[in-house]
Amino acid sequence: VRTMSSFPNSPRLIKAGIALLDPESGAIQRLIALQYNPDTLTRTLAPKSPGETADRSEALRLKGPPVETIKLEAEIDATDLEVEGELPSGLVGAYVRNGPNPLFAPTSAYHLFDGDAMLHGVTIDGTGAAYRNRWVRSAGMMAEAEAGEPLFGGLAQFKMPPQDVLERAGAIKNTANTNIVAHAGRMLALMEAAPPTEVDPTSFATLGEFDFDGLLAGSMTAHPKVDPVTGNMHFFGYSPIPPYLRYHVVGSDGTLITSV
């Protein structure tokens with residue numbers, strides 16, 4: 001599978017899992033696979049003190065073992081989801097949702113279109129259900145992950161990224177967070193006024209910006225339409241510089257056949 005090349009010093013990902021234990025026997029009931037960036041993991045310990053209302057003579061007395069809290073940013077692969085009721089035998093397929101999920105907290109006024117895309121998918125195979133989520137790893141998001149901080153402005157407060165990031169990711173981060181479409185065996189994550197980003201339909205791995213084998217010039221709307229008769233996908237793309245508007249048609253086989 002092709003994967004989007006990362007920038008030098010990009011954070012590494014570690015495979016891990018969450019074990020759900022039976023509270024009485026300690027037996028493992030379920031394992032949930034995940035991957036995470038170890039740089040995002042934090043661990044804190046909070047003592048169990050008597051509290052502010054306790055007698056002053058007991059201010060230093062502990063009420064029990066400390067409470068440990070571990071936080072991390074994770075992408076999850078959960079199989080054998082618990083099902084309430086029964087799944088219809090004929091219900092087979094996948095539901096995939098796309099939406100904003102900022103890798104870093106915004107530094108100025110936030111708009112939904114500013115957040116990095118995250119895909120959430122539930123797959124049903126007739127016998128059970130599974131869940132997976134993945135960030136769409138845009139060039140801009142990977143540059144921010146490398147820097148450890150946000151580098152782009154947003155709709156409410158635009159700012160240019162550093163020059164080296166500008167050269168490899170552009171002035172505007174292609175968040176690809178507005179829509180997700182499947183056509184001709186491809187899955188495309190879309191942001192208005194930016195090129196489409198191809199992701200693997202099964203693993204959700206980011207494959208990179210897609211230009212229909214070099215035939216697509218400019219952007220692609222986040223809301224293409226598929227002709228139910230021909231299977232062709234119709235969309236437009238617009239730009240602040242000429243040509244301001246282009247209209248495209250992609251054949252049912254995934255080939256860009258018309259651009260005007």
Quick one: salt bridge (charged side-chain N to carboxylate O under 4.0 Å, His left out) pairs with a partner in [range], sequence neighbours left out?
range	result
residues 80-94	none
residues 102-124	D116-K173
residues 87-105	none
residues 15-25	none

Does one hydrophobic cluster hold both [X] and [Y], with members joined at side-chain heavy-atom distances below 4.5 Å?
X	Y	value
M141	F104	yes
Y131	L20	yes
F210	V226	yes
F152	L112	no
L81	L91	yes

Please check: side-chain N/O of [X] versus main-chain N/O of [Y], any donor-acceptor pairing under 3.5 Å?
X	Y	value
E198	R186	no
H183	G231	yes
W135	N101	yes
D227	N232	no
N98	A176	yes

Enter the distance from [X]:[atom1] to [Y]:[atom2] here, rounded to the nearest 0.5 Å.
X	Y	atom1	atom2	answer
T79	R30	OG1	CZ	8.5 Å
M142	T206	CE	OG1	8.5 Å
L41	R43	CG	CZ	9.5 Å
L103	T175	CG	OG1	13.0 Å
L215	I257	CG	CD1	11.0 Å
E209	M220	CD	CE	12.5 Å

Are [X] and [Y] side-chain neighbours, meaning at least one heavy-atom pair lies under 4.5 Å?
X	Y	answer
P196	V181	no
N174	P195	yes
V250	P224	no
L34	I32	no

Check: How about I28: does its CD1 atom have over 12 heavy atoms from other parts shown lying under 6.0 Å from it?
Finding: no
**Prompt:** Counting only heavy atoms not in Q35, do more than 12 fall under 6.0 Å of its CD?
**Reply:** yes
Over all atoms of both residues, closest heavy-atom pair of [X] and [Y]:
X	Y	result
A74	N133	O-ND2, 3.9 Å
P161	G170	CG-O, 3.6 Å
A184	S252	CB-O, 3.5 Å
G218	R246	CA-NH1, 3.9 Å
P100	G115	CB-CA, 3.8 Å
K159	G153	CG-N, 3.4 Å

How would you list, by chain and number, every residue that makes a side chain to side chain donor-acceptor pair (under 3.5 Å) with [X], sequence neighbours excluded?
X	answer
D164	none
S89	none
R134	D77

In short, ring pair (Phe, Tyr, Trp, His ring centres under 6.0 Å) pairs touching residues 233-260 with sequence neighbours left out are F235-H248
side-chain hydrogen bond (donor to acceptor under 3.5 Å, both in side chains) pairs touching residues 214-225, sequence neighbours excluded, are E192-T221
Tracing side-chain contacts under 4.5 Å among Ile, Leu, Val, Met, Phe, Trp and Tyr outward from M191 reaches F158, M160, L166, I172
Connected to V96, directly or through other members, by ILVMFWY side-chain contacts below 4.5 Å are L119, V136, I180, M187, V199, F204
Contacts of H111 meeting ring-ring contact (aromatic ring centres under 6.0 Å, His included) (sequence neighbours excluded), chain-then-number -> F113
